[in-house]
Structures are given as C-alpha cells and as structure tokens.
There are 2 protein chains.
Amino acid sequence: MPDFLHNGKLYYNPVEFAMSHIGGTWKMPILWRLNKQVMRYSELKKYLPHISHKMLTTQLRELEAHGFVTRTVFPVVPPHVEYRITDKGRRVIPVIETIRQFGRELMDELGIVERTGP
Amino acid sequence: MPDFLHNGKLYYNPVEFAMSHIGGTWKMPILWRLNKQVMRYSELKKYLPHISHKMLTTQLRELEAHGFVTRTVFPVVPPHVEYRITDKGRRVIPVIETIRQFGRELMDELGIVERTGP
DNA sequence: CCGTATCCTGGTTGATACTG
DNA sequence: CAGTATCAACCAGGATACGG
C-alpha cells in the first residue's frame, strides 16, 4: 500500500483517503438524510439532535467543498438555505449501506437493540 | 436513526458503532494485512512503516478484544507472538474493499496516483 | 522481541456569544 | 434563520524510557 500526498497531507492508503472525505461522526448521517430529501439547515438540525450548530455548519461546508452536496441560498428574510445531495454524493450511499449493514450485524451479535420509541 | 448505549458510551447510529470497531487510521490496514497472512508483531510493524510502536500494540489489543484477531504467544526467548485474523475479522474485509474502491474512485477523479517505486 | 507506562503535543469539538 | 468567532476541554497519538 504505497502512500501519497494530496493538498499537503500524507495519506497511507485509499481507505484513509476515502475516510477523510466521508468519515467523522457526522458526514455520513448528513448524506444519509439528504439522500432521502432536500433539506434546509434547520430541518437537518432537527433530524440530527446531537450535532452542534458549529459542527453542522463546518461539516456541510466540507461536504460542499468536496462536491457531495450543493448549497442554495434564497435571498429572503429570514434566510432560507437548502442543501441537496449531488450525483457524486449519491455514490457514497452504497458505501454507507455497507458499513451500516456491518454495524447492524455487530449489534445483533452483541444483542443490542436500537431504541424504537421516545 | 435512534441512538443506543453500549458499554457506557452513546452511539447515534449503526455506522458510528461499526466505525468504533474498525475505524481509526490503523485497524483496517492491520486487518487487510492479516487477511493475507499470519504475521508476528515485528512483521506487521515492517509492513506498516508509519505506525508507532504504541499504536500498533493498542490497536492489536482492541482488535483482539473485539474478536477480529487472535494473539498467540510462543514461550521462547526472545519472545515470538503471532497475530491471526479470525472468521469474524474476515467479515470486515468486504467492508474494507467497498471503502477502498470508493477511495480509489475519488483519487481517480482528482488525478491522484499512488507512488509505485521507492 | 515484544509490551507497558509516562509525559506531552496538537487537532477536534462543544459552549457561548455576536452578526446580517 | 443561518452563519461566524472565540475560547476552553478533551482525547488521539507520538516520543521516550523501562521491563520481562
């Protein structure tokens, strides 16, 4: 597994490179949500109750910079901003599904059940 | 995406749970290597030139604790310790391949080529 | 050869407050 | 409503030293 440079950072393999784009606690949940529907900032925030204001903003900026989502500002008051997954972003979905399925298998083996109600 | 507790830590979704087992810089490279062959500590260290002594030890311990690898000590001097991937560990390989393939696609789009020689 | 312990650094994230 | 700035806390990870 040869390593390589990109934008001044050293990566050791393609997996690490991929995870630098879609890794972290929030990027996959955000893409997962946006794949289901276009959403404005406050809606996303509502669907990701644990994310902080700052993190939602920075993660969305990075996803936008990498071409996984688009950001559309409607010049009204109060502001209205829509986030939409791109074709490139949709190509992440099967990857998420694979990891998600593996996670569920691990959870099954450990007898973990997700909470169903409030 | 309901959240759940496991061993005192709160997880927000199955993806995060999966990544707590196979995420980080080193777990997947280690499993990838051990999938090809049984290896002793010093061999692994040689194949992962950037990993620190401490990290290789701690990551192997965690992989062992989660049942992804086994550790066999041969009681000789100097010590001889072998690491072997388990059946459970092999189930991670397709996940790695999916992420790896996605990483390669991203690299292709950006015109990144891995170094081939020394 | 392999492993543990200690110290220390820097990047990541949350809280809070302020803006158009 | 959406975004930015600042500060502090935390934690992953490296360097080093010592032990069986």
Side-chain angles (χ1 to χ4, degrees), chain A residues 3 6-13 15-17 19-30 33-34 38-66 69-84, chain B residues 3 7-13 15-16 19-30 33-34 38-66 69-84:
Chain A
D3 39 292
H6 180 66
N7 289 160
K9 170 157 175 36
L10 182 63
Y11 297 91
Y12 302 140
N13 51 66
V15 168
E16 186 185 12
F17 188 70
M19 295 313 293
S20 74
H21 287 77
I22 62 171
T25 308
W26 300 112
K27 292 216 174 75
M28 289 194 260
I30 290 171
R33 258 298 146 198
L34 291 182
V38 174
M39 282 198 156
R40 48 193 296 188
Y41 180 92
S42 50
E43 291 176 306
L44 265 173
K45 186 85 174 65
K46 197 171 57 182
Y47 273 105
L48 302 169
H50 298 287
I51 197 171
S52 72
H53 184 35
K54 174 181 163 186
M55 285 307 292
L56 182 51
T57 298
T58 60
Q59 299 305 297
L60 283 169
R61 288 292 172 284
E62 292 177 21
L63 289 170
E64 186 191 9
H66 288 139
V69 308
T70 58
R71 175 172 179 268
T72 309
V73 180
F74 295 84
V76 296
V77 276
H80 181 142
V81 181
E82 267 185 12
Y83 291 92
R84 184 183 302 265
Chain B
D3 40 294
N7 289 161
K9 173 163 171 30
L10 182 64
Y11 298 91
Y12 301 141
N13 51 65
V15 168
E16 186 185 11
M19 295 313 293
S20 74
H21 287 77
I22 62 171
T25 307
W26 299 113
K27 291 216 174 76
M28 289 194 257
I30 291 171
R33 258 297 146 200
L34 292 182
V38 175
M39 283 197 154
R40 48 194 295 190
Y41 180 92
S42 49
E43 290 176 305
L44 264 174
K45 187 85 175 66
K46 197 170 59 181
Y47 273 104
L48 301 169
H50 299 286
I51 197 172
S52 73
H53 182 36
K54 173 183 164 184
M55 284 309 291
L56 182 50
T57 299
T58 60
Q59 298 306 295
L60 283 170
R61 287 294 170 283
E62 292 177 20
L63 289 169
E64 187 193 8
H66 288 138
V69 308
T70 59
R71 175 171 179 268
T72 309
V73 180
F74 295 85
V76 296
V77 277
H80 181 141
V81 182
E82 268 185 12
Y83 291 93
R84 184 183 302 266

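Lettering of chains follows the sequences in order, A, B, ..., and the numbering in each one begins at 1.
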Partner residues of B:Glu62 under the side chain to side chain donor-acceptor pair (under 3.5 Å) criterion, sequence neighbours left out: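 B:Glu62 satisfies side chain to side chain donor-acceptor pair (under 3.5 Å) with B:Lys27 once adjacent residues are dropped.
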What residues form a side chain to side chain donor-acceptor pair (under 3.5 Å) with B:His53, not counting sequence neighbours?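 Scan of B:His53 (side chain to side chain donor-acceptor pair (under 3.5 Å), adjacent residues dropped) gives B:Tyr41.
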Contiguous pairing runs of three or more, Watson-Crick or G-U under 3.5 Å, that involve DNA chain D: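 Stems for DNA chain D, defined as runs of 3 or more consecutive pairs: C:1-20 with D:1-20.
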Nearest whole angstrom, please: distance from the [atom2] of [N] to the [atom1] of [X].
| X | N | atom1 | atom2 | answer |
| --- | --- | --- | --- | --- |
| A:Lys9 | C:dT12 | NZ | C1' | 14 Å |
| A:Glu62 | C:dT13 | CD | C1' | 12 Å |
| A:Leu48 | C:dG14 | CG | C1' | 16 Å |

What one should report as the nearest heavy-atom pair of A:Tyr12 and A:Asp3 is CA-CB, 3.8 Å
Residues in ring pair (Phe, Tyr, Trp, His ring centres under 6.0 Å) with B:His66, at least two apart? B:His21
Only pairs at least two apart or in different chains count here, so list each salt bridge (Lys or Arg N to Asp or Glu O under 4.0 Å) that has a residue in residues 49-61 of chain A. none
Sequence neighbours left out, what passes side-chain contact (heavy atoms from CB on, under 4.5 Å) with [X]? Give chain and number order.
| X | answer |
| --- | --- |
| B:Val77 | none |
| A:Glu82 | A:Val38, A:Thr72, A:Phe74, A:His80, A:Arg84 |
| A:Lys9 | A:Tyr11, A:Glu16 |

Does a side chain donor of either A:Arg33 or A:Tyr47 reach within less than 3.5 Å of an acceptor in the other side chain? no
Under 3.5 Å between N/O atoms: give me all the protein pairs with nucleotides 2-7 of chain C, atom names plus distance.
from: C:dC2; atom 1: OP1; to: B:Arg40; atom 2: NE; distance (Å): 2.9
from: C:dC2; atom 1: OP1; to: B:Arg40; atom 2: NH2; distance (Å): 3.2
from: C:dC2; atom 1: OP2; to: B:Ser42; atom 2: N; distance (Å): 3.0
from: C:dC2; atom 1: OP2; to: B:Ser42; atom 2: OG; distance (Å): 2.6
from: C:dG3; atom 1: OP1; to: B:Arg61; atom 2: NH2; distance (Å): 3.2
from: C:dG3; atom 1: OP1; to: B:Arg71; atom 2: NE; distance (Å): 2.8
from: C:dG3; atom 1: OP1; to: B:Arg71; atom 2: NH2; distance (Å): 2.7
from: C:dG3; atom 1: OP1; to: B:Tyr83; atom 2: OH; distance (Å): 3.0
from: C:dG3; atom 1: OP2; to: B:Tyr83; atom 2: OH; distance (Å): 3.4
from: C:dG3; atom 1: N7; to: B:His53; atom 2: NE2; distance (Å): 2.6

Most 5' of A:Thr25 and B:Pro78 on DNA chain C, judged by nearest nucleotide: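 Between the two, 5'-proximity favours B:Pro78.
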A:Met28 and B:Val15, any side-chain heavy atoms less than 4.5 Å apart: yes
With a 4.0 angstrom cut-off to heavy atoms of chain B, pull out the first and last contacting nucleotide of DNA chain D, in 5'-to-3' order. D:dG13 to D:dG20
